[in-house]
There are 2 protein chains.
Amino acid sequence: MKSRKKDFSEWYTEIVKEAKLCDLRYNVKGFVVFMPWAVSTMKKMYAIYEQELERTGHKPAWFPALIPEGNFHREAEHVEGFTPQVFWVEKAGDNVLEERLAMRPTSETAVYQMYSLWIQGKSDLPLKIYHSAQVWRYETKATRPFIRSREFHWIETHDAFATREEAEQQVREDMEMSRRVIFGQFGIPFIFFQRPEWDKFPGAVHTYAADCMMPDGRVLQLPSTHLLGQNFAKAFNVKFLDEKGESQYCWQTCYGPAISRIYAALISTHGDDAGLVLPFELAPIQAIVVPIPKKGSEKMIEQKAREVVERLSSCGIRAEADFTESTPGFKYNEWEMKGVPFRIEVGAKEAETGELTVARRDTKAKAKVRLGEIADYLKNEGRRQLEDMKRKAEEEFRLRLSSAESIGKLKEELERGKLVAIPFCTIEAEGKTCAEVVKEKASGDVRGTIYGKDEKPEGNCIACGKKAGAVAYAAKQY
Amino acid sequence: MKSRKKDFSEWYTEIVKEAKLCDLRYNVKGFVVFMPWAVSTMKKMYAIYEQELERTGHKPAWFPALIPEGNFHREAEHVEGFTPQVFWVEKAGDNVLEERLAMRPTSETAVYQMYSLWIQGKSDLPLKIYHSAQVWRYETKATRPFIRSREFHWIETHDAFATREEAEQQVREDMEMSRRVIFGQFGIPFIFFQRPEWDKFPGAVHTYAADCMMPDGRVLQLPSTHLLGQNFAKAFNVKFLDEKGESQYCWQTCYGPAISRIYAALISTHGDDAGLVLPFELAPIQAIVVPIPKKGSEKMIEQKAREVVERLSSCGIRAEADFTESTPGFKYNEWEMKGVPFRIEVGAKEAETGELTVARRDTKAKAKVRLGEIADYLKNEGRRQLEDMKRKAEEEFRLRLSSAESIGKLKEELERGKLVAIPFCTIEAEGKTCAEVVKEKASGDVRGTIYGKDEKPEGNCIACGKKAGAVAYAAKQY
């Protein structure tokens, strides 16, 4: 394998291919086939996210994949932002459709026309719905499996409230949920930024987006949550009758964790030079049993290997034994590359004594565990493994943080793969020209200000030299 | 509510609207919005099906929604069968695409080009993959929510084998799985028919399809499984090297349970004149706690109701309490209409004694249960409930079976809503004209012969009068 840190791009390409995560040979440009090893994990990620969404009061719905063009035109910024990216359906069979239909690039314009029918009074609020779906965007940027493709798999939530305060509270809840799930359960560190005015979701009042760091020092945007204010409510006539019997526009939010992209962050954050490292709860196989053949003991070893698998399976652990013809060494490498959290070696000695050798994927540490205790051991050690992976990832993330007071220093820091705090005039609309200077002179993108940190800037804006109004962060981005 | 048996069509329309299962007001013809109450159940149906598929060796993958037109042309029958139903994408943003793309009506032509890359030797076989997805078909028949729409939610499996025997065995496994899941866990009775030659899946050697009976006496097709033989393997060059190093075409099968349609069968099979009746494992809410207010005891009653919900939730039962302002009677009706399996009444007496009144949705039977035993009671009674629902559904199904030896009798039986055994010449291609006679003279559709029953016909074909070669079944169909 290539080195994850030194040649991240090649490492990524290699792991996607070797671990059979997806196949790029599908014959539509920008579309890939997601293969079983990746899909098994992404399905678990979906389930964890959906459970958390339901726990916080969201209900599931399925909206259509096709949206009439007219719907987009109801919100001016939205139509401008999304229509250049739309795959259009104009014909069905031999019939030309009366109005052309967009394959959803996102579902606001499909969902909110329904909300205007579903919401009448205060008792219909809050309305909190999530939709697990694929979306399609005709990306012109270079595509990269899981990171950016023309079809991706995500969840979108669409929430409506009676007051702005509740909507703002929802945006905070979305960010907390991201932390509980993406860091807490997937082990991926990130920072939530308030995005600059010029980088918001089309139609939003504010956009807050989670940036994680890839091993090459570029940021990758994970979920974003958007305070939509009443913009879409006005465009789609989403209203309720308040206590006084007066008609009021709802306050809305939406949130979009892209599972396929979070998977890219998952494998990049935890992987190492031997391949994938998957968290215990997300691994398609949690423990692989490798028999170590010995002349004359084959039967006994095979039997013991099967016994281990059966015992683990009956305790709800996803375990398999590798009885293929390859050597144990080849199997070790193969399953390490696949990121299986635990390997259990069963040789003649293990078969006789019932004391098994267990190797942890992340640390490569080995332990001796008795057969009777193996399931409990893996469950506990699996939890510990995740905590260790989180700690390691956080340390790596912390080392990426840096600061600069001049464009020259910023450029240097960006070249070293840092996420750089800079004094900056403002992330309001007026700051856009300064962001363009940062882009041009330092090849960096201004990601916004850290949400909830309220940092006080010192000195002058790194770009225009006027007194800085904000501590912004710049990075190279995916 | 309308009468399910006498006015099924109106009953169905009413329940879809009243229980908020889906909203037909979406502004693309033939597309609906699937609402939370229905989606919650369909997600559980997906999970049960996927678990069963994985248990029998299938792995999940995600294939693209868009398929190049050229792919369809590789299998002659397939292109003829499906292209009239395709939604076509010809533009993306402002760009005209080089080749137009189909929104998948089914995925064979997307999947098998990948199989030709993935399958090399015998060790790559069997390859068993499932894909949970939406498909789109420009239906010209009248659409009906869940039953037939231009977008539906299904699972498709695509399996490849080295031998015809294994493929035939898979077709049997698919049928057994249908029985375990659709009858065993959803409680919907059906019969698997071998479809006549003229009614096969385009490109298949044989098609076996499950027909259930709707309360108006019309059959609804549930999953079908197809023996594809080597047709697609030849079209897409899906080959493997056998033991002798010779290149052989694979034998293939595919199977497609449409979850949204099975949901239609679920609500129609079990519903009654008070509304939905949902199996315990599939209900979004399994137990609804209704407080019975009494002056002076409000606090105590509310507290007890909350205690019941907490206890049930902690035991993994989906329970909620209805604290809205409506009367208990209104709430009873509402939750019965929604099909919640158990209602728990908590009044002053229940709050004092801790002995709760539990009503079963299907039988309306009431029982007294102590708070400490409530979770176990519901779990056991929930299982019993499903068994009772299955028995009732099977009895209804059995009463639908009939036979006829003349076209006149057949017409009568079909008008009485029966699934009718008839002496028929053959379900091979030559029988098609006889099926047309059945259609014209008795307004019935020939569904095929019962799989695995090998019935010996007596007398002459009901249509042409020649010696009958098969016992076929006719019904009015959806």
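Letters A, B, ... mirror the listed sequences (proteins, then strands); counts begin at 1. Quantities reported herein were computed from a predicted structural model and do not represent experimental measurements.
Residue contact with chain B, scored on non-hydrogen atoms closer than 4.5 Å, involves the side chain of A:W136 exclusively. Both the backbone and the side chain of A:S40 come within less than 4.5 Å of a heavy atom in chain B. For a residue to count as touching a neighbouring chain, one of its non-hydrogen atoms must lie under 4.5 Å from one of that chain's; by this rule A:I67 touches chain B with backbone and side chain alike. Contacts between A:E151 and chain B at a heavy-atom distance below 4.5 Å involve the side chain alone, from C-beta outward. Using a 4.5 Å cut-off between heavy atoms, A:A65 contacts chain B through both its backbone and its side chain. Contacts between A:A110 and chain B at a heavy-atom distance below 4.5 Å involve backbone atoms as well as side-chain atoms. Residue A:E50 touches chain B through its side chain alone, counting heavy-atom pairs closer than 4.5 Å. Within the 4.5 angstrom heavy-atom criterion, atoms from both the backbone and the side chain of A:L66 approach chain B. For a residue to count as touching a neighbouring chain, one of its non-hydrogen atoms must lie under 4.5 Å from one of that chain's; by this rule A:V111 does not touch chain B. Interface remark: A:M114 contributes side-chain atoms only to the contact with chain B (heavy atom separation under 4.5 Å). Interface remark: A:P64 contributes backbone and side-chain atoms alike to the contact with chain B (heavy atom separation under 4.5 Å). Looking at A:V89, the atoms closer than 4.5 Å to chain B (heavy atoms on both sides) sit in the backbone and in the side chain alike.
When B:R100, B:R137, B:H153, B:Q113 are compared by the number of non-hydrogen pairs under 4.5 Å with chain A, B:H153 comes out ahead. Note: A:M103 leads A:Q134, A:M103, A:M42, A:K20 in heavy-atom pairs under 4.5 Å with chain B. Among B:S132, B:S123, B:P84, B:G93, the residue making the largest number of heavy-atom pairs under 4.5 Å with chain A is B:G93. Counting heavy-atom pairs closer than 4.5 Å to chain B, the top residue among A:V86, A:I129, A:N27, A:T140 is A:N27. Put simply, of B:V28, B:L97, B:L101, the one with the most heavy-atom pairs under 4.5 Å next to chain A is B:V28. Most heavy-atom pairs under 4.5 Å with chain B, from the set A:Y130, A:W118, A:W62, A:Y26: that is A:W62. Among the candidates B:E54, B:K43, B:K29, the residue making the largest number of heavy-atom pairs closer than 4.5 Å to chain A is B:K43. When the candidates B:A47, B:A61, B:P60, B:P36 are compared by the number of heavy-atom contacts under 4.5 Å with chain A, B:P60 comes out ahead.
Proximity of A:W37 to A:I285: side-chain heavy atoms (C-beta onward) are separated by under 4.5 Å at one or more points.
We find the NE2-OH distance between B:H158 and B:Y112 to be 4.5 Å, quoted to the nearest 0.5 Å.
Between B:Y263 and B:F146, the gap from one ring centroid to the other is short of 6.0 Å. Taking the centre of each ring, B:Y49 and B:Y46 stay at or above the 6.0 Å mark. Here the two rings, on A:H131 and A:F63, have centers that are under 6.0 Å apart.
Applying ring pair (Phe, Tyr, Trp, His ring centres under 6.0 Å) to A:Y138 and the options A:F87, A:F82, A:W88 leaves one that passes, A:F87.
In this structure, B:E281 does not pair ionically with B:K44, as no charged nitrogen and carboxylate oxygen lie closer than 4.0 Å.
No side-chain donor-acceptor contact under 3.5 Å links A:S326 and A:E334.
Within 6.0 Å of CD in A:E99 there are more than 12 heavy atoms belonging to other residues, nucleotides or ligands. More than 12 heavy atoms of other shown residues, nucleotides or ligands fall within 6.0 angstrom of atom CZ in B:F323.
A:H73 and A:E69 make their closest contact through CD2-O, 3.3 Å (heavy atoms, listed as atom of the first residue, atom of the second, distance). The minimum heavy-atom distance linking B:C254 with B:E108 is given by the pair SG-OE2, 3.3 Å.
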